Engineer: 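Structure incoming, see below.
These figures come from a predicted structure and were not determined experimentally. Every number for a ligand or one of its atoms is a count from 1 in the order of the listing. Residue numbers run from 1 in the order of the sequence given.
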Amino acid sequence: MTETRRMRCLSGIKPTGQPHWGNYFGMIRPALELAREHEAYYFVADLHALTTVRDAAQLRKDSLGIAASLLASGLDPAKSVLWRQSDVPEVLELTWALSCVTGMGLVERAHAYKDARAKGKDLNLGVVTYPVLMAADILLYDSDLVPVGKDQVQHLEMARDMATYFNVAFMGAPEGGTVEDVTWDGRLLKRPQALVQQASAVVPGLDGQKMSKSYGNTIPMFAGSKELKQRVMAIKTDSTPLEEPKDPTTCNVFALYSLFASPEEREALAEKYRGGNFGYGHAKLALLELAERHFGPARVRYDELMARPDDLEDILADGAARARLVARGVLERVRAACGLSSVAHTRPPVA
Ligand code: ADP
Ligand code: TRP
């Protein structure tokens with residue numbers, strides 16, 4: 001019998017609006033699958049949202065909305081650790097320590113930073129530091145696996161690089177091996193792996209580009225029936241007439257349908273596309289039905305959770321206390337390695 005090693009999985013979502021199908025298939029669903037067999041550490045990345053959000057009430061509400069979405073989708077807060085990033089301020093301390101071993105060249109290569117510069121956007125320092133804070137999120141918990149969509153893979157590579165820089169800076173290069181091939185486990189900072197679900201690495205939005213809050217092309221996970229119908233009907237398709245056969249492989253509606261469908265349902269729809277006399281309107285109705293079936297029960301749970309913000313706050317506070325215990329242990333190693341004061345020396349114990 002083969003035994004799978006229990007890993008620590010960690011991921012975060014920014015509370016910058018309502019979670020959508022891209023977040024769900026790219027990150028939430030794979031993260032919840034991992035949580036069944038492994039240790040799960042998932043958090044609401046409110047500090048990251050601060051690079052763009054300027055409305056405190058909205059940030060608070062969206063933070064609870066992300067927590068409620070994970071819980072409504074099946075995350076068990078007794079088994080997994082769910083918290084709000086800003087409730088564990090140790091992460092900012094590790095961000096600083098990592099900043100001090102990270103060259104400007106590394107952060108200047110980040111896609112988000114390069115895009116913002118190319119578009120002539122007014123950049124704040126938070127945008128430059130974003131990948132360092134994200135590396136701190138991951139390294140502060142000795143994470144093994146990080147389930148994310150494809151757009152986050154570069155950030156994961158940067159986190160691995162920063163762990164290596166830090167380890168080498170304060171422990172020296174490993175004997176008898178290169179920096180890359182040594183196992184750092186149990187030494188200082190653990191190097192994590194990204195986990196990208198190939199089938200949902202990039203979920204397309206209404207216009208066919210990557211579904212993203214910043215492109216305004218999303219379908220929210222918990223949209224009400226009316227909004228859901230409006231959005232699905234707005235998915236862009238080509239102008240092939242109803243009678244003619246259609247190619248499922250190039251159609252956004254089919255790509256989205258495939259995320260929800262069983263292999264049999266998917267093949268049955270593909271047949272209808274190829275057979276002709278089947279319009280995109282029909283395909284959209286089929287998609288709508290599967291989406292309702294998939295998210296309907298979770299939407300009820302989501303509404304119930306959002307009606308009890310105090311209970312959500314309690315769950316997040318409990319998660320933060322558990323996350324903080326791990327964070328303090330790792331920070332103690334970091335402080336000792338750098339010659340800083342001990343965590344125990346400088347902080348009151350967490351209640
Ligand atoms: P957005 O681009 O809408 O702001 P986030 O940056 O908050 O989304 O993403 C949260 C998580 O969801 C990340 O792991 C990200 O990779 C994943 N994700 C977001 N959009 C998509 C998408 N269209 N396809 C696959 N994964 C996605
Ligand atoms: N940057 C991620 C995003 O935009 C969110 C995030 C913050 C994250 N910290 C993380 C994801 C740590 C995984 C691990 O989607």
Engineer: What protein heavy atom is closest to atom 14 (O) of ligand 1, reported as residue, atom name and distance in Å?
Structural biologist: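 That would be Gly149 N, 3.2 Å.
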
Engineer: Taking the inter-plane angle between the rings of Tyr257 and Phe254 on a 0 to 90° scale, is it parallel (under 30°), tilted (30 to 60°) or perpendicular (over 60°)?
Structural biologist: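 Parallel: the ring planes of Tyr257 and Phe254 meet at under 30°.
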
Engineer: Counting from 1, what ligand 1 atoms have a heavy atom of Gly26 closer than 4.0 Å?
Structural biologist: 25 (C), 26 (N)

Engineer: Could you identify the single nearest non-hydrogen protein atom to atom 2 (O) of ligand 1 and state the distance to 0.1 Å?
Structural biologist: Ser212 OG, 2.9 Å

Engineer: Would you call Glu332-Arg335 a salt bridge at under 4.0 Å N-O?
Structural biologist: no

Engineer: In terms of residue, atom name and distance, what is the protein heavy atom nearest to atom 2 (C) of ligand 2?
Structural biologist: Gln152 OE1, 3.3 Å

Engineer: Just which atoms of ligand 1 are under 4.0 Å from any heavy atom in Ala201?
Structural biologist: 24 (N), 25 (C), 26 (N)

Engineer: Look at Glu313 together with Arg84 and state whether they make a salt bridge at an N to O cut-off of under 4.0 Å.
Structural biologist: yes

Engineer: Do Arg293 and Glu289 sit within salt-bridge range, that is, some charged N less than 4.0 Å from a carboxylate O?
Structural biologist: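 No, this pair does not count.
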
Engineer: Of Tyr130, Phe43, Tyr41, which has the heavy atom at the shortest distance from atom 4 (O) of ligand 2?
Structural biologist: Tyr130

Engineer: Atom 4 (O) of ligand 1: which protein heavy atom is closest, and how many Å away?
Structural biologist: Lys213 CE, 3.3 Å

Engineer: Do me a favour and list the nearest non-hydrogen protein atom to atom 5 (C) of ligand 2 with residue, atom name and distance?
Structural biologist: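 Closest protein heavy atom to atom 5 (C) of ligand 2: Gly12 O, 3.5 Å.
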
Engineer: Identify the residue among Arg8, Arg191, Arg333 that makes a salt bridge (Lys or Arg N to Asp or Glu O under 4.0 Å) with Asp142.
Structural biologist: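 When salt bridge (Lys or Arg N to Asp or Glu O under 4.0 Å) is applied between Asp142 and each of Arg8, Arg191, Arg333, only Arg333 qualifies.
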
Engineer: Has Glu90 got a side-chain atom pairing as donor or acceptor with Leu140's backbone, closer than 3.5 angstrom?
Structural biologist: no

Engineer: How far is atom 9 (O) of ligand 1 from its nearest protein heavy atom, and which residue and atom is that?
Structural biologist: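 Checking every protein heavy atom, the shortest distance to atom 9 (O) of ligand 1 gives Asn23 ND2, 3.3 Å.
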
Engineer: Need the ligand 2 atom indices (1-based, order shown) with element for anything under 4.0 Å from a heavy-atom of Val148.
Structural biologist: 13 (C)

Engineer: For ligand 2, is any non-hydrogen atom under 4.0 Å from Leu133's backbone (N, CA, C, O), its side chain (CB onward), both, or neither?
Structural biologist: neither

Engineer: Counting only heavy atoms, tell me which of Asp151, Val148, Ile13 gets closest to atom 15 (C) of ligand 1.
Structural biologist: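 Result: the heavy atom closest to atom 15 (C) of ligand 1 is in Asp151.
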
Engineer: Select one of side chain, backbone, both or neither to describe which atoms of Pro204 lie under 4.0 Å from any atom of ligand 1, heavy atoms only.
Structural biologist: neither

Engineer: I need the nearest protein heavy-atom contact for atom 9 (N) of ligand 2: residue, atom name and distance, please.
Structural biologist: Asp137 OD2, 2.7 Å

Engineer: With heavy atoms only and a cut-off of under 4.0 Å, state how Ile138 meets ligand 2: side chain, backbone, both or neither.
Structural biologist: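 Under 4.0 Å from ligand 2, Ile138 contributes side-chain atoms alone.
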
Engineer: Considering heavy atoms of the protein only, find what lies nearest to atom 24 (N) of ligand 1 and give residue, atom and distance to 0.1 Å.
Structural biologist: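 Among all protein heavy atoms, the one nearest atom 24 (N) of ligand 1 is Val203 N, 2.8 Å.
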
Engineer: State yes or no: are the ring centers of Tyr273 and His282 separated by less than 6.0 Å?
Structural biologist: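 Aromatic pair excluded; centres sit 6.0 Å or further apart.
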
Engineer: Using a 4.0 Å cutoff against the non-hydrogen atoms of Val146, which atoms of ligand 2 qualify?
Structural biologist: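 Matching atoms, with element in brackets: 13 (C), 14 (C).
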
Engineer: Among all protein heavy atoms, pick out the one at the shortest distance from atom 6 (O) of ligand 1; state its residue, atom name and that distance to 0.1 Å.
Structural biologist: Lys14 CE, 4.0 Å

Engineer: Examine Gln85 against ligand 2 and note whether any of their N/O atoms are separated by less than 3.5 Å.
Structural biologist: no

Engineer: For atom 27 (C) of ligand 1, what's the nearest protein heavy-atom neighbour? Residue, atom name and distance, please.
Structural biologist: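 I find the closest protein heavy atom is Gly22 O, 3.3 Å.
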
Engineer: Please could you name the atoms of ligand 2 that His48 approaches to less than 4.0 Å, counting only its heavy atoms?
Structural biologist: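 Selected atoms, number and element: 7 (C), 9 (N).
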
Engineer: Taking heavy atoms and a distance under 4.0 Å, where does Met27 meet ligand 1: side chain, backbone, both or neither?
Structural biologist: side chain

Engineer: Do Lys246 side-chain atoms and Glu244 backbone N/O form a donor-acceptor pair below 3.5 Å?
Structural biologist: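 A pair under 3.5 Å: yes.
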
Engineer: Answer yes or no: does an N/O atom from Thr16 fall short of 3.5 Å to an N/O atom of ligand 1?
Structural biologist: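 No, there is no polar N/O contact under 3.5 Å.
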
Engineer: Any N/O of Gln152 closer than 3.5 Å to an N/O of ligand 1?
Structural biologist: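 N/O-N/O distance below 3.5 Å does not exist for this pair.
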
Engineer: In this structure, which one of Glu304, Glu227, Glu292 forms a salt bridge (Lys or Arg N to Asp or Glu O under 4.0 Å) with Arg299?
Structural biologist: Glu292

Engineer: Can you tell whether the side chains of Arg322 and Asp318 come within less than 4.0 Å, N to carboxylate O?
Structural biologist: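 Between Asp318 and Arg322 there is a salt bridge, with a charged N closer than 4.0 Å to a carboxylate O.
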
Engineer: Geometry only, no angles: is Ser214 polar-contacting ligand 1 at N/O separations under 3.5 Å?
Structural biologist: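 Min N/O separation from ligand 1 is not below 3.5 Å for Ser214.
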
Engineer: Under the ring-ring contact (aromatic ring centres under 6.0 Å, His included) criterion, do Phe295 and Tyr302 qualify, and how do the steps go?
Structural biologist: CA-CA 10 Å; Phe295 288 121; Tyr302 173 84; over 10 Å; no

Engineer: Can a salt bridge be assigned to the pair Lys272 and Glu265 using a cut-off of 4.0 Å between side-chain N and carboxylate O?
Structural biologist: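 Looking at Lys272 and Glu265, the cut-off is not met.
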
Engineer: Can you tell me which residue and heavy atom of the protein come closest to atom 20 (N) of ligand 1, and the distance to 0.1 Å?
Structural biologist: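 Nearest protein contact, heavy atoms only, for atom 20 (N) of ligand 1 is Met211 O, 3.4 Å.
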
Engineer: Under a single-linkage definition using a 4.5 Å side-chain heavy-atom cutoff for Ile, Leu, Val, Met, Phe, Trp and Tyr, are Ile315 and Ile13 assigned to the same hydrophobic cluster?
Structural biologist: yes

Engineer: For ligand 1, which atoms have a heavy atom of Val202 less than 4.0 angstrom away?
Structural biologist: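 Selected atoms, number and element: 24 (N), 25 (C).
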
Engineer: Taking the six-membered ring for Trp and the full ring for Phe, Tyr or His, determine whether the centres of Tyr141 and Trp83 are under 6.0 Å apart.
Structural biologist: yes

Engineer: Do other residues, nucleotides or ligands put more than 12 heavy atoms under 6.0 Å from the CZ atom of Arg266?
Structural biologist: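 No, the 6.0 Å shell around CZ holds no more than 12 heavy atoms from other groups.
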
Engineer: Apply side-chain contact (heavy atoms from CB on, under 4.5 Å) to the pair Leu133 and Gln85, showing each step before the final yes or no.
Structural biologist: CA-CA 10 Å; Leu133 176 58; Gln85 190 184 24; 3.9 Å; yes

Engineer: Would you say Gly12 has any N or O atom under 3.5 Å from an N or O of ligand 1, going by distance alone?
Structural biologist: no

Engineer: Check Leu256, Leu269, Leu259 against Leu287 for a side chain to side chain contact (heavy atoms under 4.5 Å, CB included) and give me the one that passes.
Structural biologist: Leu256

Engineer: So, is His155 polar-close to ligand 2, with some N/O to N/O distance under 3.5 Å?
Structural biologist: no

